[in-house]
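See structure below.
Given the structure is predicted, the values throughout are model-derived calculations rather than measurements. Numbers here are sequence positions counted from 1.
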Amino acid sequence: HFGESPAAPRPFPAPRAAPRAHIVAAMAGRRAVALAPAALLCTLWAPPAAAAGHCSGDDPAATCAVAAGGETLLIQRALQPGGGGVAREPPAGVGELELAGSDGPDSVVAKEDYDCNGDGEPECGQWNYQMSMCQNQHYCGVKFRFGDLTLGQSCRCRRCHAKDLHNTAFGDAQLQQPDEAGFNALSWGTFKNWADHLDTCAPWLMPRTDADLRKVLAYARQMGYKVRIAGAAHSSGGLVTDGTDTNVFVVSLAEYAASGDWEFGLHDVKGGGKRATVNAGWTLADLYARIRPQGYFLPTQTMGYFFQIGGLVANSVHGGGYDRGFMHSYVTRLRVMTADGSIRIIDKEEELRYWRCSYGLLGIILGAEFQLEHRVELQMYTVTKMMPAWSEKELWRFIKRDGEADLSPEVGPVAGHGTRKAWSGEFFLDFLNDEHYPTMMVFAQKANRSVDISFEGELGLPKDAHSTYYSRLTKMVKDDWHGRMTWGQSARRDGSPPVAVSPFDVRELLEKLRPWGVAKRMSRTALKHIAQLVDSTREEVNDGFWEVQAPSGLSASYFIKPSKVFAAMDKLKQMHRASLGSQDFVWNLPGEFRFVHVKDTAVLQPVEAGLWANVQAVSFEDLAKNEQLWKREYMRLEEYMVNKLGAKPHIGRLWGFGVTEEKTVEPFSDAFACTVLSQKAKDDFMTYRRKQDPKHLFFSGLGVKLLRPCKA
């Protein structure tokens with residue numbers, strides 16, 4: 001960005017005032033294998049005069065000052081003249097983006113935002129373009145402020161050691177160094193979610209045993225703190241904590257070891273079948289490494305391996321099974337720890353209803369017992385087709401005939417059905433590459449007698465499946481914050497191991513680059529890579545999953561009646577297409593939807609029993625000029641979904657967009673949250689909760705907003 005300071009190298013990010021800058025935004029987010037190349041390249045075009053100035057050292061992610069006429073240009077080293085990048089005028093057709101500046105005192109960047117330890121040298125202010133996150137994660141996190149013009153400028157000190165945090169959980173030395181305090185717990189720093197949407201100062205502890213958990217809870221009661229339980233941190237908002245209550249700290253079971261069969265056990269059921277008991281701190285990868293080689297599966301499942309079991313049970317997580325409900329529906333017993341440190345086995349349905357989808361408000365789920373299904377054969381496959389026309393008739397024709405969805409003829413406004421052989425389906429629509437003939441894809445699964453005999457891919461258990469699971473779980477990875485660990489440890493601890501962006505031809509990309517061109521390429525590439533991943537995963541383990549690691553994206557998800565699927569997707573199509581002419585925000589990934597047959601199994605589940613479609617809007621943030629622009633776009637979508645289609649939100653995604661007193665748009669508004677649940681469900685749950693947690697040890701986080709009455 002062009003600053004107003006003299007033309008000299010600066011150790012800190014330049015002031016956030018800007019006459020103008022040519023910004024070309026390309027691909028966004030932490031690269032998922034499925035969505036490669038979902039990388040971020042934020043290129044600032046230097047005028048030809050930008051010849052002076054350089055970066056010292058060899059960090060290609062560094063942001064450095066380059067003299068350009070009478071101003072200072074901050075660019076990434078790899079893009080400086082002679083640095084392996086380019087320095088030239090933008091190619092024809094790349095428009096200028098107006099960047100808001102300020103002439104007031106707020107335009108001066110405080111050095112303490114970037115000098116975290118007071119040594120005069122900035123620890124923050126740099127963006128790691130390969131990992132798509134702030135450099136120096138130990139000190140730095142994404143903290144956007146209005147007027148930030150570069151990703152690096154939003155990388156600020158975490159500021160979790162300020163004097164005003166003394167005598168709070170945030171500033172408690174015993175929570176920051178739990179092993180030294182006798183808690184026998186791993187410190188994981190301060191809590192943030194997997195997509196870096198949320199970065200707090202809440203201490204993040206990972207106790208190892210039941211006794212360690214009791215010590216932590218006793219200390220919290222003694223100090224008057226609140227305890228929140230985190231899974232793999234995949235929720236988009238403050239479901240665990242939003243960081244505003246300084247007397248909250250977070251506990252994870254990522255290092256926890258249970259006793260006996262509650263670590264893992266496989267049990268026969270009267271009348272046939274199996275059930276599995278499993279440590280709630282395990283991920284789906286841990287569980288499937290044990291049950292898949294024996295031919296067993298959970299009745300429904302997500303796209304990816306990287307969710308903790310406890311988080312799946314305590315939320316409204318679902319798969320794409322046409323006759324399958326939320327994952328918590330298949331829990332038959334729970335082992336839990338209540339506020340006083342007591343351990344209970346919850347095995348009565350009338351009580352399980354409160355613990356399923358309880359958002360961590362009752363206690364700590366230590367272990368879960370699940371129903372299992374035996375599948376001798378499983379067929380994982382995709383079908384991709386350019387639609388002959390965009391219409392409701394053609395959409396449902398694809399769902400029922402090409403997708404072979406196990407839906408009755410009465411479902412949907414278009415009568416008829418296909419073979420109904422697929423038990424699960426996940427649908428994707430690329431609206432960006434053709435307005436009239438969008439490309440539609442389904443990832444479908446068939447099982448046992450429904451598989452196609454002529455199918456050429458793997459149908460059984462691949463011979464090396466066991467060793468493949470072992471290799472995945474034990475593969476060594478490294479992040480910028482915690483160092484080296486296995487993939488399995490990283491998945492348990494914070495949900496998604498860090499992944500470097502695949503190399504690509506930067507010069508070629510820059511030649512072709514337009515915001516809309518990048519968006520089209522990303523959407524088209526996503527479908528191709530999902531299909532490739534389905535094929536490769538089928539031949540390696542054939543377990544129904546295709547996503548090994550997750551993209552760091554923006555995801556809003558809504559439950560609607562199946563009859564309204566076309567209206568929802570048509571609205572998303574309109575918004576996708578309209579954004580192609582925008583300089584503010586461009587949608588850049590396919591629209592998605594699945595079906596879920598909700599059972600009445602949890603008091604706080606967001607929708608009642610019945611067949612629902614779940615529509616998901618996904619995009620990467622970096623094709624937005626600033627975060628307010630994508631939030632306003634998501635708010636527009638939500639207003640249509642809720643007001644026109646009667647949608648209910650997926651609580652673990654982005655939802656509840658509203659305008660604040662400061663006239664900014666933010667998710668999870670109180671006015672929206674209070675409308676999600678019925679008053680009867682709120683009253684019923686609160687009566688039970690007061691008995692389980694009379695001193696409100698766990699009563700914090702986004703779940704509390706759901707339970708509050710709406711203001712008149």
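- For F307, the ring-ring contact (aromatic ring centres under 6.0 Å, His included) partners at least two apart in sequence or on another chain are H234.
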Step-by-step side-chain hydrogen bond (donor to acceptor under 3.5 Å, both in side chains) determination, E547 to Y305: CA-CA 7 Å; E547 200 171 31; Y305 291 113; over 6 Å; no
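- The closest side-chain donor-acceptor pair between Q616 and S555 falls under 3.5 angstrom.
- Using a 4.5 Å heavy-atom threshold, the side chains of L298 and L372 count as touching.
- Residues passing the side chain to side chain donor-acceptor pair (under 3.5 Å) test with R333 are E369, sequence neighbours excluded.
- Under 3.5 Å, the side chains of S557 and N614 contain a donor-acceptor pair of N or O atoms.
- Every side-chain contact (heavy atoms from CB on, under 4.5 Å) that D683 has, sequence neighbours left out, goes to Q679.
- Taking the six-membered ring for Trp and thresholds of 30 and 60 degrees, W655 and F672 have ring planes inclined between 30 and 60 degrees apart.
- Between R689 and H696, the side chains place a donor N or O and an acceptor N or O closer than 3.5 Å (distance only, hydrogens not considered).
- Qualifying side-chain contact (heavy atoms from CB on, under 4.5 Å) partners for Y688, counting only residues two or more places apart in sequence or in other chains: R344, E351, Y354, W355, L362, Q692.
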Determine whether F326 and F559 satisfy the following criterion, ring-ring contact (aromatic ring centres under 6.0 Å, His included), listing intermediate values before the conclusion. CA-CA 12 Å; F326 292 123; F559 296 99; 5.8 Å; yes
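- One finds a salt bridge joining D268 and K274 here, because a Lys/Arg side-chain nitrogen approaches an Asp/Glu carboxylate oxygen to under 4.0 Å.
- Taking the six-membered ring where the residue is Trp, F593 and F595 present perpendicular rings, their angle passing 60° and hence far from 30°.
- Inspection of the H318 and T300 side chains reveals no N or O donor paired with an N or O acceptor under 3.5 Å.
- Side chain of E638 to main chain of G656: a donor-acceptor pair is present (N/O by atom type, distance under 3.5 Å, no hydrogens or angles).
- Using modelled atom types, one finds no donor on one side chain facing an acceptor on the other under 3.5 Å when comparing N448 with E377.
- Applying the salt bridge (charged side-chain N to carboxylate O under 4.0 Å, His left out) test to residues at least two apart or on different chains, the pairs with a partner in residues 282-311 are D286-R492.
- Counting heavy atoms from C-beta on, the side chains of Q308 and V313 never come closer than 4.5 Å.
- Relative to the six-membered ring of W423, R375 meets both conditions, a distance below 6.0 Å and an angle of at most 45° to the axis.
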After noting the C-alpha distance and the side-chain angles of V248 and V227, does the key distance pass the side-chain contact (heavy atoms from CB on, under 4.5 Å) rule? CA-CA 6 Å; V248 167; V227 178; over 6 Å; no
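- A donor-acceptor contact closer than 3.5 angstrom links the side chains of R208 and N184.
- Evaluation of the side-chain contact (heavy atoms from CB on, under 4.5 Å) rule for S450 yields K421, K446 as partners, not counting sequence neighbours.
- At least one donor-acceptor pair closer than 3.5 Å links the side chain of N315 to the backbone N or O of G311.
- Between Q301 and L284 the shortest side-chain heavy-atom distance does not fall below 4.5 Å.
- Classified by interplanar angle (parallel below 30°, tilted 30° to 60°, perpendicular above 60°), the ring pair Y288/F545 is perpendicular.
- Ion pairing between a basic and an acidic side chain is recognised when a charged N comes within 4.0 Å of a carboxylate O; D210 and R335 show such pairing.
- The pair R353-D600 meets the salt-bridge criterion, with a side-chain N (NZ, NE, NH1 or NH2) lying under 4.0 Å from an Asp/Glu carboxylate O.
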